[in-house]
Each structure stands twice: as structure tokens, then as C-alpha cells.
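Keep in mind it's a predicted model, so treat the numbers as computed, not measured.
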Amino acid sequence: MSSFHFCRHLLRLITRRNRNYSQSSAICGAWHDAQSNKETSCLRQFSTCFEETKVISRPFSTSSGDNSFINKETFTNQPTSFTDRTHLCGRLTSADVGQSVILCGWVDRYSKLFLKLYDWTGQVQVMVPDDMVKMVKLLERENVVEVKGTVTMRPENQQRQAVGSGEVEITPSEIKVLNTCNSQIPFYPTCISYNKVTTDTKMEHRYLDIRSAPMQKILRLRSSFIMKAREFLCNDHGFVDVETPTLFRKTPGGAKEFLVPTRHKGRFYSLPQSPQQFKQLLMVGGIDRYFQIARCYRDETQKPDRQPEFTQLDIEMAFTSQTHIMRLIERLLHYCWPQGAGTLPNTFPVMTYDQALRDYGSDKPDTRFDMKLQDLTDVVSDCGIERLTRAETVTALRIPEGQKYFSNKDLQILCKPINEDDKTEIISAKINSADDWKSPISKNLKSTCREEINKKLQLEPGDILLLCLGQGTSPCEVLGKKRLATAAHLEEKGLMIRNPSDYNIFWVVDFPLFLPKEDEDGKLIPGFVESAHHPFTAPVEDDLDLIYSNPTKVRSQHYDLVLNGNEVGGGSVRIHNANLQKYVLSEILKEDTRELTHLLTALDMGCPPHAGIALGLDRLFAILSGVNNIKEVVAFPKSSLGFCPMSKAPSEISKTDLERYHLLLES
């Protein structure tokens with residue numbers, strides 16, 4: 001066996017996951033003694049390297065007094081490693097009886113007989129011996145303590161199998177107070193009254209709220225999901241995690257941005273609403289597969305599903321397509337989906353934008369319940385009622401057995417306009433029988449038209465019918481909102497309309513590339529359009545010629561991921577041609593392209609075709625956690641006005657700081 005072949009064999013041994021060093025050394029030594037001086041000299045250097053590898057490759061020991069080596073697997077998910085404590089409060093079982101343990105946590109309850117100690121895993125009961133009663137009586141709830149003792153079985157009639165450590169208790173040898181808690185604590189995170197604490201109080205003392213079981217579960221679910229996403233993207237599919245700047249420049253289009261003053265007079269940074277431009281520039285740079293857990297910022301009106309700063313899983317790929325991105329996200333969600341959160345379809349259904357608007361009145365419909373809208377424009381074209389026949393669009397919503405659950409007042413509220421600018425009209429009808437409708441239009445409605453509506457909508461006695469008339473898609477959009485309001489009302493009456501354990505997930509595609517432009521008050525600006533999503537979205541190839549002749553008819557290669565009526569992700573194939581991008585910006589959107597010179601220049605430097613997507617993690621975790629407000633899944637959220645109740649940010653700044661940043665406050 002030559003030196004070369006032996007070294008190659010030895011390398012294989014070294015690089016095995018479970019190395020047998022004693023066997024490798026024996027082989028090395030036996031061969032070493034049998035070789036000529038020339039070969040021995042070569043091998044001696046390799047043997048030295050091998051011995052060094054043995055030392056370097058040894059795993060760490062967490063015990064300061066134990067020099068023995070332990071297997072790498074013993075470190076897998078060990079939340080007590082590198083600390084003095086040996087176990088977690090809620091993880092002790094009968095298998096631990098007789099063990100000496102060190103526990104750390106907060107005092108939940110206490111008496112002269114026992115104290116309850118808790119951490120994020122749950123609580124454990126500590127029996128108080130006579131010599132410790134005096135000390136335990138001095139404890140306050142939420143004091144931080146360390147308990148050393150022995151695990152024992154609880155009496156059989158006191159065991160609580162449903163609780164984490166409910167079948168055992170601790171006989172302590174030492175109870176040490178690590179820190180005290182103010183007796184004026186605003187609320188106790190483990191108390192029954194926790195659910196009655198106001199949201200404002202929880203937000204002001206968020207660090208206490210985080211100590212509660214619901215918040216612990218949510219934040220750890222979030223951490224686990226993100227870790228799995230990193231594993232899937234990096235380890236399985238070769239993505240590169242790249243951090244992009246959060247100090248950028250103001251760019252045209254999209255949501256309002258936060259401005260950051262600088263010491264350079266008249267110059268401001270802008271906090272990016274997404275890493276969109278940077279990830280496209282990374283594709284030009286040949287990264288090919290990028291992802292980032294990205295912080296984004298939008299200075300806009302706050303809603304339950306929005307925060308001024310939020311987190312998204314940002315992804316971009318070169319040399320790909322819309323279909324490939326969609327399949328990637330489906331596989332990623334399958335990989336990361338939490339256990340017990342229901343099952344996902346292997347391939348997510350696909351719905352077009354037009355279909356979503358026609359059937360549900362929304363581009364992010366909640367499909368957990370039926371109640372689809374129906375277009376009656378042709379049906380009522382000769383119904384005998386002028387306002388119906390003249391309407392451009394007439395859309396209907398049937399509420400099955402609605403008369404059981406809607407009083408006259410409820411129905412009146414349901415039929416109110418969405419806002420002051422709403423130019424649609426809603427007409428209601430209570431269906432008593434096929435020939436008997438209680439409605440303002442029943443007297444003049446032709447019987448043939450009524451029969452056709454009965455048949456098309458399959459109306460039954462006891463139903464309620466809503467007819468909405470107006471221009472374009474407005475009646476669909478209005479009834480889409482009334483559909484959701486109806487579901488919420490029926491659920492208040494005790495009906496299960498939307499099963500909370502269902503996860504209806506699907507793609508919406510074929511969005512329009514441009515929409516009529518609106519001002520800040522939502523009013524249309526005649527003669528102007530804006531990007532339906534953002535100005536970097538590519539048109540559907542079949543519609544490319546329409547870009548130059550009829551832009552409002554162009555479909556985009558945009559795709560939204562919808563889960564239970566919420567948009568949890570959105571992406572698109574991007575424009576990678578500099579000339580097309582410049583035309584869209586300057587000629588269609590009327591934007592100053594000088595603000596995007598860096599991007600346009602890059603697109604002209606050999607930019608590959610590319611596409612991407614961003615998943616809104618806050619919104620996704622809110623759905624998975626069963627909460628209605630994304631504040632509940634953010635560690636330190638802002639209020640509805642964009643303030644931090646805990647730190648009181650944003651705060652005033654001194655006159656010196658104002659001068660440093662060339663700012664002047666108006667009186």
C-alpha cells in the first residue's frame with residue numbers, strides 16, 4: 001500500500017462522523033513500522049496532523065470537574081446546558097425520582113407547606129421542611145429562586161398527570177433567593193386573573209406578559225419555525241443568508257417610509273419598507289439564491305394586522321419562474337409547519353384574481369365557509385325596476401336561514417354603506433316563500449325575474465338576500481366585506497362558521513399590473529395609475545404588448561399566498577430588462593427615474609431573469625397561534641398609534657440633537 005493510498009484511506013477515517021481514533025492509530029502505527037525511511041518521513045508528518053485532529057475534534061464538556069468526552073448528540077436541544085441548573089420545572093417525571101436536581105425559576109404560590117416554582121416549561125411543587133418555613137414565608141410571588149433538592153413521588157391522591165411535573169415533587173435541601181420582586185407588581189403572569197388584565201397594562205409591562213405561558217408558547221413557536229426555515233433554505237437548497245441595509249434612500253412608489261435625519265444638512269436616510277431593490281441587486285451580483293429574516297418599516301395607519309416595523313421571510317432566486325417559487329414555498333411550509341397545526345395540501349390550490357373578486361369580493365378571500373357571491377346583472381336586466389336595470393353591476397349574497405339570526409336592526413346595520421364615499425346601494429329581501437319576498441322591491445319585481453333568482457341562488461324560506469348595485473367591481477367588493485361581517489355576526493350567535501382548526505391555504509394569481517391611482521384619502525386621481533403591488537413586477541408575457549397600448553389591461557406575474565382570509569405572502573417575477581423597467585417607471589407611473597439610477601444601471605449590467613417572494617411572519621404566526629392581532633406574536637410591539645407603551649418611544653429629543661441634525665420644530 002503506497003503512502004498516497006494510505007493517506008487517502010486515513011482521511012476517510014478522519015472525516016467519518018463517528019471516528020474510531022484508537023483503530024485508526026493502530027493501523028497507522030503498524031504500517032509506519034513496515035515502511036522504508038523515505039515513506040516513513042512522509043507519513044510521520046501526516047500522523048502528527050492526525051493526532052492534532054483527534055484533540056481538536058473532541059466535543060466540549062459542560063462539567064468543570066469532568067474531563068471525559070461526551071457524544072455530540074447529548075447537546076441536542078439542551079436548554080439547561082452551560083448553567084448551574086440541571087432540570088426545568090415542568091419537565092420532571094417519575095423517571096427522575098431519587099435524582100438530585102437544581103431548579104431555577106419564579107415563585108408562583110407559597111405557603112408553610114409548599115411553594116410552586118415555575119419557568120417556561122411549567123411548574124413543580126416544592127415541599128417546605130420545618131427548618132425552611134420561616135424563610136419561605138418571607139418570599140413574595142415572582143421572586144427569583146434556586147432550589148436544590150431531591151425528586152420524590154407525590155402521594156397518589158395528589159398526582160396531576162395532566163400537569164408537566166404533576167406526578168412528582170421536590171424535597172429541598174436548599175432554597176436560595178436570587179432576586180426579589182416589587183410587591184406592587186401590576187399583574188401576575190400565572191394568575192387566573194391574567195386573562196382580565198387590559199391590553200394596555202400588558203403592553204406597558206411587556207416583560208411580565210412575556211413570562212406568561214401563552215406568550216412563551218408563541219415566541220418559541222416563532223423561533224422554531226424560523227430555525228426550520230433556515231435549515232430548509234440553507235442546508236437543503238443552497239440559499240445564502242444576506243443582510244441588507246436598513247439605512248437606505250427614499251424611493252418612489254409603495255407605502256410611506258420612515259425618514260431618518262443625518263448630520264448632513266438636507267439629507268435623510270429612509271428605512272426600507274422591504275429589501276426589494278437590494279435582493280434584485282444581489283441577483284445581478286450572482287448570488288442566485290438569497291434569503292433573509294428581514295426587518296421592514298412602513299409609516300402608515302395601524303390596523304390589527306399591521307405594525308410600523310415587521311418581520312418577513314424574504315426570498316429571491318435567479319433563473320426561476322412563478323411556478324418554481326410557488327412550489328418552493330409549498331415545500332418550505334410543509335417542512336416548517338408546526339405539529340398539531342393541521343395538515344396542508346401537497347400542492348396548494350390556485351385561484352385567479354378575477355375569480356376571487358367574483359366569488360368572494362376580495363383578493364384574499366376566506367374560503368373556510370361558502371356563501372359565494374352571485375352575479376345577477378343579466379338576470380335583472382329586465383326585472384321591472386329601473387335602478388336595477390340601469391346598474392352596471394348587480395351582485396347578490398344569500399344568507400341561509402338568516403332570519404333566525406338577524407333582527408331588523410341587525411339587518412339595517414349590515415346594509416349600511418361601507419364609508420361616506422360608497423356609491424353602491426344594498427337592497428335586502430327576507431324570503432318567506434318562493435312568491436313572498438319582504439323587500440322594498442318585491443312589489444314591482446317581475447315574477448319571472450324573482451323565479452330566476454330563486455332558482456339561481458337556491459333560495460329557501462327563512463333566507464335573507466342582499467342585492468348590491470353599482471359600478472364596476474364595487475358591488476363585489478362591498479358584498480365581500482358584508483360576507484365577512486355576516487360570518488362574524490353568526491359566530492356571535494353561537495354558530496361555527498369558520499372552524500379555527502382549519503387552514504385553507506391557496507394562491508391567488510393573474511392580478512392586474514396597474515390600478516387607478518388614489519390619493520391619501522382614497523379618492524381616484526383621474527388619468528393616473530399606480531402599481532397594484534410594486535413597480536418592479538413583470539407583466540404576463542402574453543400581455544407584454546399591452547404595456548404600450550393599454551396598460552390597465554395588463555396582467556402581472558404576481559402571486560399572493562392566502563391563508564384563512566389573510567395575505568401571508570406575496571411575490572412576483574421581476575422586470576429584469578432595464579429599458580422595460582425605465583418605461584414603466586417614467587411613461588406609465590410618471591416617476592422620476594433618477595431616484596432609481598442605481599437599480600436601472602444594475603439591470604443593464606447582465607441581470608438574469610429572477611423572481612421572489614416575502615412571507616409575512618407576524619401575520620402567519622398570529623394565524624397559527626389563534627390570535628386576532630399581530631401584537632400578540634411580536635415580542636415588543638407598538639400600539640395602534642405607533643407608540644411603544646413600555647419605553648414611551650418615540651421620544652422627544654434635546655435642542656442640541658435638533659441642531660446636530662439640522663432640524664427645527666414648528667411651534
Side-chain angles (χ1 to χ4, degrees), residues 179-182 184-187 198-211 215 219 241-279 281 292-304 306-312 314 519-521 534 591-599 616-618 629-667:
N179 204 356
T180 59
C181 177
N182 192 320
Q184 301 302 314
I185 185 171
F187 63 91
T198 65
T199 300
D200 289 344
T201 301
K202 289 180 180 179
M203 291 269 286
E204 185 176 356
H205 304 278
R206 188 62 164 182
Y207 38 83
L208 289 179
D209 193 25
I210 289 174
R211 209 180 289 174
M215 282 300 302
L219 293 180
D241 186 352
V242 182
E243 298 174 3
T244 56
T246 53
L247 291 177
F248 192 35
R249 62 171 295 145
K250 184 172 176 59
T251 55
K256 296 294 182 291
E257 301 165 338
F258 286 99
L259 298 180
V260 181
T262 72
R263 298 189 184 194
H264 304 285
K265 189 173 183 179
R267 293 183 175 271
F268 293 81
Y269 287 117
S270 176
L271 300 181
Q273 52 190 286
S274 88
Q276 179 63 45
Q277 294 180 50
F278 287 111
K279 63 181 181 178
L281 295 172
Q292 180 182 188
I293 307 299
R295 297 292 287 171
C296 306
Y297 308 87
R298 292 182 183 175
D299 187 10
E300 57 189 8
T301 304
Q302 302 308 305
K303 297 180 180 179
R306 291 181 183 176
Q307 281 276 285
E309 53 180 327
F310 56 96
T311 308
Q312 64 187 35
D314 207 51
D519 61 19
E520 292 185 359
D521 297 325
H534 61 62
E591 299 284 3
D592 185 355
T593 57
R594 290 176 296 180
E595 300 289 338
L596 290 166
T597 299
H598 57 282
L599 179 64
L617 295 183
D618 303 323
N629 197 313
I630 64 170
K631 293 186 183 73
E632 301 298 324
V633 299
V634 177
F636 298 100
K638 302 293 189 294
S639 70
S640 58
L641 296 177
F643 291 90
C644 174
M646 182 187 67
S647 67
K648 313 306 179 188
S651 60
E652 296 180 350
I653 61 174
S654 67
K655 184 178 180 180
T656 302
D657 287 334
L658 287 171
E659 292 174 351
R660 179 182 297 118
Y661 295 111
H662 310 285
L663 299 176
L664 180 66
L665 296 180
E666 293 184 354
S667 57

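- Residues Tyr297 and Pro308 form no side-chain contact, since every pair of their non-hydrogen atoms from C-beta on lies 4.5 Å or further apart.
- In this structure, CG on Leu665 lies 8.5 Å from CD on Glu652, to the nearest 0.5 angstrom.
- Interatomic distance, CZ of Phe258 versus CD of Glu300, reported as 8.5 Å (0.5 Å rounding).
- With rounding to the nearest 0.5 angstrom, the CD atom of Glu243 is 13.0 Å from the CZ atom of Phe278.
- Atom CD of Glu595 sits in a crowded spot, with more than 12 heavy atoms from other residues, nucleotides or ligands closer than 6.0 Å.
- With hydrogens and angles disregarded, a donor-acceptor distance shorter than 3.5 Å links the side chain of His662 to the backbone of Arg263.
- At a threshold of 4.5 Å between non-hydrogen side-chain atoms, the residues Met646 and Phe636 count as touching.
- Few gaps surround CD on Glu659; more than 12 heavy atoms of other groups in view lie less than 6.0 Å from it.
- Nearest approach of Asp209 to Phe187, heavy atoms of both residues: N-CZ, 3.7 Å.
- No donor-acceptor pair under 3.5 Å is formed between the side chain of Glu257 and the backbone N or O of Pro272.
- Ser274 and Gln312 form no side-chain donor-acceptor contact under 3.5 Å, judged by distance and modelled atom types alone.
- Looking at heavy atoms from C-beta onward, Pro650 lies in side-chain contact with Phe643 at the 4.5 angstrom threshold.
- Paired with Pro275 under the rule side chain to side chain contact (heavy atoms under 4.5 Å, CB included), one option of Asp314, Leu281, Val242 passes, and it is Asp314.
- Residue Lys655 qualifies as open at atom NZ: its count of foreign heavy atoms under 6.0 Å is 12 or below.
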Please assess Thr246 against Arg295 for the test side-chain hydrogen bond (donor to acceptor under 3.5 Å, both in side chains), listing each intermediate value before the final yes or no. CA-CA 8 Å; Thr246 53; Arg295 297 292 287 171; over 6 Å; no
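- What you find for Glu204 and Pro645 is that their closest heavy atoms are CG-O, 3.8 Å.
- The shortest heavy-atom contact between Val634 and Arg206 is O-NH2, 2.6 Å.
- When the side-chain hydrogen bond (donor to acceptor under 3.5 Å, both in side chains) test is applied to Thr201, the partners found at least two apart in sequence or on another chain are Thr198.
- Counting heavy atoms from C-beta on, the side chains of Pro186 and Leu208 come closer than 4.5 Å.
- Looking at heavy atoms from C-beta onward, Gln307 lies in side-chain contact with Lys638 at the 4.5 angstrom threshold.
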One pair to check against side chain to side chain contact (heavy atoms under 4.5 Å, CB included): Leu658 and Leu664. What are the steps and the verdict? CA-CA 7 Å; Leu658 287 171; Leu664 180 66; over 6 Å; no
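- Checked by atom type and distance alone, the side chain of Asp618 never pairs as donor or acceptor with a backbone atom of Phe310 at under 3.5 Å.
- Salt bridge annotation for Arg298-Glu309: absent, with no cationic side-chain nitrogen under 4.0 angstrom from a carboxylate oxygen.
- Contacts of His598 classified as ring pair (Phe, Tyr, Trp, His ring centres under 6.0 Å), with partners at least two apart in sequence or in another chain: Phe248.
- Counting heavy-atom neighbours within 6.0 Å of Phe268 CZ, excluding the residue itself, gives a total above 12.
- Using modelled atom types, one side-chain atom of Thr262 and one backbone atom of Arg267 make a donor-acceptor pair closer than 3.5 Å.
- Remark: Leu599 CG to Thr251 OG1 distance equals 9.5 Å, nearest 0.5 Å.
- Residues Gln276 and Lys279 approach most closely at O-CG, 3.2 Å, considering heavy atoms.
- Looking at Gln273 and Cys296, their side chains never come closer than 4.5 Å, going by heavy atoms from C-beta outward.
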